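Since the model is a prediction, treat every value here as computed from it, not as a measurement. Proteins come first, then strands; the chains are lettered A, B, ... in the order of their sequence lines, and each starts at number 1.
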Number of protein chains: 2
Amino acid sequence: MNILEKITNELDMLSKSERKVAEVILASPGTVIHSSIAALAKQANISEPTVNRFCRRLDTKGYPDFKLHLAQSLANGTPYVNRHVDENDTADEYTSKIFESTMASLELARKSLDANDINRSVDLLTQANKISFFGLGASAIVAHDAQNKFFRFNVPVVYFDDILMQRMSAINSRQGDVVVVISHTGRTKSLVEVASLAKENDATVIGITTTGTPLAKECNIVLSVDVSEDTDLYMPMSSRIAQLALIDVLATGFTLRRGSKFRDNLKKVKDSLRSSRFERKD
Amino acid sequence: MNILEKITNELDMLSKSERKVAEVILASPGTVIHSSIAALAKQANISEPTVNRFCRRLDTKGYPDFKLHLAQSLANGTPYVNRHVDENDTADEYTSKIFESTMASLELARKSLDANDINRSVDLLTQANKISFFGLGASAIVAHDAQNKFFRFNVPVVYFDDILMQRMSAINSRQGDVVVVISHTGRTKSLVEVASLAKENDATVIGITTTGTPLAKECNIVLSVDVSEDTDLYMPMSSRIAQLALIDVLATGFTLRRGSKFRDNLKKVKDSLRSSRFERKD
DNA sequence: CAGAAATAATGAAATTTTATTTCATAATTT
DNA sequence: AAATTATGAAATAAAATTTCATTATTTCTG
């Protein structure tokens, strides 16, 4: 844990003099990492041994070790956190906040994913007769993107962002087909129905959704992408980006499973675009 | 700059003995931050003053100060770097690599963006009579997503991922219309043509692309999203995610510009979905 | 509730550890 | 061979830690 947070947490477990030290440190941690124990003691109006005891109470070996921890906490000042956009933010501010929140969500999403489930999903996808990606709203974009990736693999792949097409397609599915259903909330009724229809028709259903939702219950495998709710502006933001990163993971897993020869093929697909582009000069 | 990089850079400016110190440090920086100057000297088979001189050559005040710098470099171990997926990676490994690379790209993209250009783009978008988003391939998804966000603002917005529709739409555009053209490479001929057609017809053209590309030259404003090339698997990966984050930024800027009353409206749009979803129990 | 006893907190001084400086010598370059 | 640079042993200085006596605080007792 970040040592600055730790100091804040343990503030009331400290003695009077130790708290003085804590306050001086919290007031300007940046200065402290360049101070000797004597200088800090003087600043806080207490003795050197007190500083030393303070350091030990925070589970560090002593003052120099404490400074090391402090320096680490200060580096990159708590990397990425979900900071909310404020009414009066400048363009620079809200840009930074959004990018940072996005990164924080990706961090979170990665933690919620289970490598085993990914492995099993990749297994199923590589063996599938047909792959379908279904999503609605923002998740439709993710399904669309998945199609854009998987069609390169030369496997039958479809994507639908239309409820009726999804239903019809689900009813038509059979053993050996894989249906990937994407929904952040996992509560969209028609999608849950589609998942259950596909399952009834013997398709394997992979859900890209939040843990414990109605959709998750209908799936054979759940790839849980838990990100903090996108409450800021009532629009899906981080959730779809985390889902897209997961699509990248699945696509990558797919190509790795297929071996190096297969990857040459991907290069050909890409190279086929060359004539439609302006040449690079470099 | 990161002190570890600095050591690597200055390696050939160091004397023989100092280089020994450098090598020991680079081999296991994590151990060094818990070693005394004596311990490190012994490990490198040189004397203590040499370590001290080494520290000063790297512009630190002395050994303790050097350790502080080292500790900061080690904090969050060079946060996110673009690590390439390897043939033999386990699911866990490639998942982590992809998420980290994505985060690294977002970091890069944020740095390449100019707050002024974002501000001007938001200005233009809020004042537009009509907004069009054009993209092809992976960028089509981004355009699709942009439509999904901007239609909530109750402004005329279209998205096309079809060359002909894009051309027709571009030719139909007029003063006051904003056309957003999205392309990572910025070299897709038909899109560059669409941009120039739109410009000829007095629309304002905003390009979401890489700096200095043919597309960039056709645009009134370029929002430069420079990410490291997605060379890994010949598929667009990080680029489209950075573009999506930028769409979030533009959408957010839009809502902020419109004020708080407008945001209540967004909530209504979201609430309209309620009946199509299963209730949450909590 | 006063006052004694026990406990905990604190800092002065001594000690120990760690880092730095000085300077003589060795290695390298000119 | 002379000049320059690099290096480490020893001395010194600085910083951190330990010890221990003193002071403050709490708890107990009549």
Side-chain angles (χ1 to χ4, degrees), chain A residues 3 6-74, chain B residues 3 6-74:
Chain A
I3 194 104
K6 195 166 183 175
I7 296 174
T8 317
N9 286 164
E10 308 219 340
L11 214 54
D12 16 277
M13 283 133 184
L14 299 175
S15 73
K16 213 184 333 172
S17 308
E18 283 169 357
R19 199 164 317 144
K20 280 191 208 168
V21 186
E23 276 155 15
V24 171
I25 294 167
L26 291 173
S28 70
T31 319
V32 174
I33 60 171
H34 296 115
S35 311
S36 69
I37 192 168
L40 177 57
K42 198 171 168 193
Q43 179 112 40
N45 265 305
I46 44 82
S47 71
E48 300 177 29
T50 301
V51 175
N52 196 269
R53 280 187 289 260
F54 166 84
C55 296
R56 298 229 170 109
R57 202 177 296 273
L58 290 154
D59 301 315
T60 64
K61 286 175 68 186
Y63 185 66
D65 188 43
F66 169 79
K67 284 212 291 188
L68 243 42
H69 281 267
L70 193 57
Q72 295 201 318
S73 299
L74 255 44
Chain B
I3 194 103
K6 195 165 182 176
I7 296 174
T8 317
N9 286 164
E10 307 219 339
L11 215 55
D12 14 279
M13 283 133 185
L14 298 175
S15 74
K16 213 183 335 172
S17 307
E18 283 169 357
R19 199 164 317 141
K20 280 193 210 167
V21 186
E23 276 154 16
V24 171
I25 293 167
L26 290 173
S28 71
T31 320
V32 173
I33 60 170
H34 296 115
S35 310
S36 67
I37 192 168
L40 177 56
K42 197 171 170 191
Q43 179 113 39
N45 265 304
I46 44 83
S47 71
E48 299 176 29
T50 301
V51 176
N52 196 270
R53 281 187 288 262
F54 166 84
C55 296
R56 299 227 171 112
R57 204 176 295 275
L58 291 154
D59 301 316
T60 63
K61 285 175 70 185
Y63 184 65
D65 188 41
F66 170 78
K67 284 212 291 188
L68 242 43
H69 282 267
L70 194 57
Q72 293 200 320
S73 299
L74 256 46

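- Taking B/Glu18 as the reference, B/Arg57 meet the salt bridge (charged side-chain N to carboxylate O under 4.0 Å, His left out) condition, with sequence neighbours excluded.
- Every side-chain contact (heavy atoms from CB on, under 4.5 Å) that A/Arg56 has, sequence neighbours left out, goes to A/Asn52.
- Partners of A/Asn45 by side chain to side chain donor-acceptor pair (under 3.5 Å), not counting sequence neighbours: none found.
- Legend: residues meeting side-chain contact (heavy atoms from CB on, under 4.5 Å) with A/Glu23, ordered by chain and number and at least two apart, are A/Arg19.
- B/Ile46 contributes atom CD1, which lies 8.5 Å from atom CD of B/Glu48 (distance to the nearest 0.5 angstrom).
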Identify the pairs formed between an N or O of the protein and an N or O of nucleotides 28-30 of chain C at a distance under 3.5 Å, and give each distance.
unit_1	atom_1	unit_2	atom_2	d
C/dT28	OP1	B/Lys16	NZ	3.0

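- Here C/dT18 presents its C1' atom at 15 Å from CG of B/Asp65, a figure rounded to the nearest Å.
- Nucleotides of DNA chain D that come within less than 4.0 Å of any heavy atom of chain A span, from the 5' end to the 3' end, D/dA16 to D/dT25.
- Counting only residues at least two apart or in different chains, ring-ring contact (aromatic ring centres under 6.0 Å, His included) contacts with residues 14-47 of chain B are absent.
- Within residues 20-42 of chain A, the residues that place at least one heavy atom under 4.0 Å from DNA chain D are, in residue-number order, A/Ser36, A/Ile37.
- Taking B/Thr60 as the reference, B/Ile3, B/Cys55, B/Asp65, B/Phe66, B/His69 meet the side-chain contact (heavy atoms from CB on, under 4.5 Å) condition, with sequence neighbours excluded.
- A 4.5 Å side-chain heavy-atom check between B/Thr50 and B/Lys20 finds every atom pair outside the cut-off.
- Of all the residues in residues 44-58 of chain B, B/Ile46, B/Ser47, B/Pro49, B/Thr50, B/Arg53 reach under 4.0 Å from DNA chain D with at least one non-hydrogen atom.
- Residues that satisfy the side-chain contact (heavy atoms from CB on, under 4.5 Å) test with B/Pro49, not counting sequence neighbours, are B/Ser47, B/Arg53.
- Minimum interatomic distance between B/Ile33 and A/Gln72 (heavy atoms only, all atoms of both residues): CD1-NE2, 4.1 Å.
- Nearest heavy-atom pair, B/Leu14 versus B/Ala22, reported as atom, atom and distance to 0.1 Å: CD1-CB, 4.0 Å.
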Would you tabulate the side-chain donor-acceptor contacts of residues 35-44 of chain B under 3.5 Å, counting partners in other chains and residues two or more places apart, or write 'none'?
unit_1	atom_1	unit_2	atom_2	d
B/Ser35	OG	B/Thr31	O	3.1
B/Ser36	OG	B/Ala38	N	3.4
B/Ser36	OG	B/Ala39	N	3.2

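- To the nearest 0.5 Å, atoms CG (A/Leu26) and OG1 (A/Thr8) are separated by 5.0 Å.
- Between B/Phe66 atom CZ and C/dT18 atom C1' there is a gap of 16 Å when expressed in whole angstrom units.
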